[in-house]
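In listed order, ligands and their atoms are each counted from 1.
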Amino acid sequence: MFDRAILHMDLDSFFVSVECLKNSSFLGKPLIIGGSSSRGVVASCSYEARRFGVHSAMPVKMALRLCPQAIVLRGDMDSYSKHSRLVTDIIADDAPAYEKSSIDEFYIDLSGMDQHFGCYKWSKELRQRIIQESGLPISFGLSVNKLVSKIGTGESKPNGTKEIAKGVEKDFLSPLSVKKIPGIGKETYKKLSFMGVRQIKTLSTIPMKLLQREFGKNGRRLWEKANAIDNSPIVPYSEQKSMSKERTFIEDTLNLRYIRNMLLKMVDELAYELRATEKLTSCVTVKIRYADFNTYTKQRRIPYSSNETVLVRHICELFDGLNERRQLIRLIGVKFSGLVSGSYQISLFDDTTKAIALMKEKDHIRNRYGTDKIMWASYMNEKSRSPS
Ligand SMILES: [Mg+2]
């Protein structure tokens with residue numbers, strides 16, 4: 001097998017950088033982006049705020065106790081999505097194949113580009129172009145696989161570059177904390193700490209069998225990661241999955257209340273799926289098929305979200321704009337596309353910890369008891385009736 005060359009790029013404290021671009025007086029100041037109310041949570045914060053111990057997912061109230069002089073801003077997902085798309089367009093222009101793995105993160109497959117030197121030079125030029133055209137700081141890591149490159153990016157931040165040459169991947173990972181391995185959650189970290197494993201080097205020397213016994217099916221992946229092994233491919237942006245639902249009515253219907261409730265239910269289920277897989281959508285589509293089989297669709301680009309309240313609003317607006325014929329409807333459908341990875345907290349800037357807790361609780365009930373155990377009250381009222 002020929003050597004791969006995988007570039008990982010990540011915009012530095014992306015939301016904060018966009019805010020500084022809009023208002024340069026924020027530069028160099030401790031900045032917190034999150035819910036504006038007293039019960040909001042931190043979605044992102046500047047390096048200056050991090051120095052005080054502030055981190056994301058922390059209640060804003062607590063963050064302000066650690067860093068009283070911090071400036072708190074409510075997030076502006078519209079603006080972040082716009083900047084994210086601008087950077088995506090620059091990469092799409094230049095890169096042979098790329099994967100957008102989150103709103104501010106990209107993998108680019110440079111395999112086959114002549115020499116490793118060529119790849120590094122190419123990467124530096126792309127980075128310069130992004131900085132020049134978007135005004136946003138971005139860092140990158142370059143190596144033979146996604147895992148090592150991503151960790152490399154982390155080590156190069158802020159505003160840096162890191163090349164890990166073929167053959168030294170393990171040396172590069174060895175001294176780092178196991179915390180730096182992507183996908184190691186709190187539980188795994190706790191367990192490893194308990195086993196006395198803090199450095200990747202230590203983890204890499206534990207026999208795979210032992211890790212499998214301790215961590216089940218994740219044990220093998222853990223061993224591979226510690227040993228800098230990662231064969232996962234780049235998933236091109238155009239092939240990134242969308243998710244959709246369709247419903248054909250038993251009888252063609254004109255009952256708009258019934259149809260709207262059905263849309264609500266589909267959005268609710270899809271939004272749950274987004275959150276369960278930690279994804280955000282940036283494009284929503286509604287489909288209507290009439291009794292005469294004529295089919296119409298309408299789509300809209302939206303700021304990245306997995307919040308059903310936001311998504312329901314877009315879907316209902318699209319539906320109302322699309323449904324102009326006074327004809328019986330045979331089928332309706334909803335599709336979310338342009339998916340990227342991302343936690344739903346970032347789409348909830350104006351929500352309080354309580355609102356997030358409520359959504360989490362709802363998801364939790366579904367995880368335990370199945371997706372049909374929780375639904376909108378309006379749908380429930382409608383459920384026993386038949387369409388007319
Ligand atoms: Mg970033």
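Counting non-hydrogen atoms of neighbouring residues, nucleotides and ligands closer than 6.0 angstrom, the NZ atom of K157 exceeds 12 such neighbours. The neighbour count for R220 CZ, taken as heavy atoms of other residues, nucleotides or ligands under 6.0 Å away, does not exceed 12.
For the Mg ion (ligand 1), the neighbouring protein N/O/S atoms at less than 2.8 Å, given as residue and atom, are D10 OD1, L11 O, D104 OD2.
Results of the side chain to side chain contact (heavy atoms under 4.5 Å, CB included) test with H83 over D104, L21, L11 single out L21 as the only residue that passes. Exactly one of L136, I33, I138 qualifies for a side chain to side chain contact (heavy atoms under 4.5 Å, CB included) with F14. That residue is L136.
Counted by atom type alone, Y290 and N323 present one or more donor-acceptor pairs between their side chains at under 3.5 Å.
Checked against the 6.0 Å centroid criterion, the rings of Y258 and F249 qualify as a close aromatic pair.
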